[in-house]
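I have placed the structure first, in the form of structure tokens, so that the comments after it can refer back to it.
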Amino acid sequence: MVDILTKAERSARMALVRSKDTTPELKVRKLVHRLGFRFRLHVAKLPGRPDLVFRKHRKVIFVHGCFWHRHAASECRLARLPKSRLDFWIPKLEANASRDRANQLRLEREGWGYLVIWECELKDTHALEARIRTFLST
């Protein structure tokens, strides 16, 4: 299948994809702050530049987009593959997921706990709040 956008249009659209301060990340930050926890953002010295860092607890939270980080849950409709250029997208997205796993292993080896919050999990605020509270309280 051929891309319906020109190279310039595709480039402009891809430039709009943010790596930090995304809507899902802002929702999680607001929720965590409301729960009374304070955090640092995107600490570059930690593997994977976690979205939220709780130094006192030695824990981090990653807020992952289901598409970009290949959410493996079978019921997640946001993790679908594009219809065109699969030869480009599959290796790119698999590399993202592989890099995520490597960063998580490095964090564990360095004594940090991590929690991954998927974009599709933001709908159930009460369940998410309970997960975050449990994660940060242990």
Side-chain angles (χ1 to χ4, degrees):
M1 181 180 255
V2 178
D3 196 352
I4 60 171
L5 300 175
T6 66
K7 277 192 171 195
E9 291 170 332
R10 177 62 59 203
S11 179
R13 184 167 294 178
M14 292 305 290
L16 295 173
V17 177
R18 301 170 68 115
S19 62
K20 25 184 204 180
D21 300 332
T22 62
T23 301
E25 183 185 328
L26 293 175
K27 287 181 181 180
V28 171
R29 284 167 29 185
K30 186 176 181 180
L31 173 64
V32 170
H33 192 271
R34 191 174 69 235
L35 292 173
F37 295 100
R38 300 301 175 254
F39 48 86
R40 296 281 173 232
L41 298 174
H42 312 289
V43 175
K45 291 183 180 182
L46 290 175
R49 274 187 83 125
D51 297 309
L52 286 79
V53 177
F54 305 86
R55 286 190 176 129
K56 182 172 85 172
H57 302 281
R58 287 194 63 85
K59 295 188 178 189
V60 300
I61 293 179
F62 291 99
V63 183
H64 283 340
C66 297
F67 172 76
W68 293 106
H69 296 270
R70 302 302 305 142
H71 190 191
S74 59
E75 68 277 358
C76 181
R77 64 176 184 77
L78 300 175
R80 62 164 180 44
L81 283 173
K83 293 180 182 173
S84 65
R85 298 190 61 211
L86 292 178
D87 56 321
F88 168 79
W89 283 108
I90 290 174
K92 177 176 182 51
L93 297 175
E94 290 302 323
N96 288 351
S98 177
R99 188 172 47 252
D100 290 340
R101 287 188 296 276
N103 287 329
Q104 291 163 359
L105 286 173
R106 285 180 56 207
L107 282 166
E108 284 178 344
R109 275 190 252 123
E110 293 177 19
W112 288 81
Y114 69 88
L115 174 67
V116 174
I117 298 175
W118 293 97
E119 176 183 11
C120 65
E121 296 174 329
L122 296 177
K123 293 176 185 166
D124 189 352
T125 308
H126 296 295
L128 182 58
E129 183 176 320
R131 267 183 75 207
I132 292 169
R133 198 182 296 273
T134 300
F135 172 69
L136 293 175
S137 298
T138 56

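Position 1 is the first residue of the sequence; numbering continues from there. Only this structure's heavy atoms are used, side chains among them; waters, hydrogens and symmetry mates stay out.
Minimum interatomic distance between Cys66 and Cys120 (heavy atoms only, all atoms of both residues): SG-N, 3.5 Å. Taking every heavy atom of both residues into account, Gly111 and Arg58 meet most closely at O-NE, 3.4 Å.
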Quick one: do Val32 and Phe54 satisfy side-chain contact (heavy atoms from CB on, under 4.5 Å)? Show the steps, please. CA-CA 11 Å; Val32 170; Phe54 305 86; 3.6 Å; yes
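Put simply, the side chain of Pro82 reaches to within 4.5 Å of the side chain of Phe67, judged on heavy atoms. Within the 4.5 Å cutoff, the side chain of Ile61 has no heavy atoms near those of the Asp51 side chain.
Remark: the backbone N or O of Ala79 is paired with a side-chain donor or acceptor of Arg70 at under 3.5 angstrom.
Considering only residues two or more places apart in sequence or on other chains, Ile90 meets the side-chain contact (heavy atoms from CB on, under 4.5 Å) condition with Leu81, Leu86, Glu94. Remark: Arg99 engages Asn96 in a side chain to side chain donor-acceptor pair (under 3.5 Å) (not counting sequence neighbours). Asp124 is linked by a salt bridge (Lys or Arg N to Asp or Glu O under 4.0 Å) to nothing, counting only residues two or more places apart in sequence or in another chain.
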Please report, to 0.1 Å, the donor-acceptor pairs under 3.5 Å made by any side chain of residues 36-47, with sequence neighbours excluded.
from	atom 1	to	atom 2	distance (Å)
Arg38	NH1	His33	O	3.0
His42	NE2	Glu25	OE2	2.9

Could you list the donor-acceptor pairs under 3.5 angstrom formed by side chains in residues 128-138, with sequence neighbours left out?
from	atom 1	to	atom 2	distance (Å)
Glu129	OE2	Arg133	NH2	3.1
Arg131	NH1	Glu121	OE1	2.9
Arg131	NH1	Glu121	OE2	3.3
Arg131	NH2	Val116	O	3.0
Thr134	OG1	Ala130	O	2.9
Ser137	OG	Arg133	O	2.6
Thr138	OG1	Lys59	NZ	2.9
Thr138	OG1	Thr134	O	3.4
Thr138	OG1	Phe135	O	3.3

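Every pair tested for side chain to side chain donor-acceptor pair (under 3.5 Å) that includes a residue from residues 101-111 fails, sequence neighbours excluded, so the list is empty.
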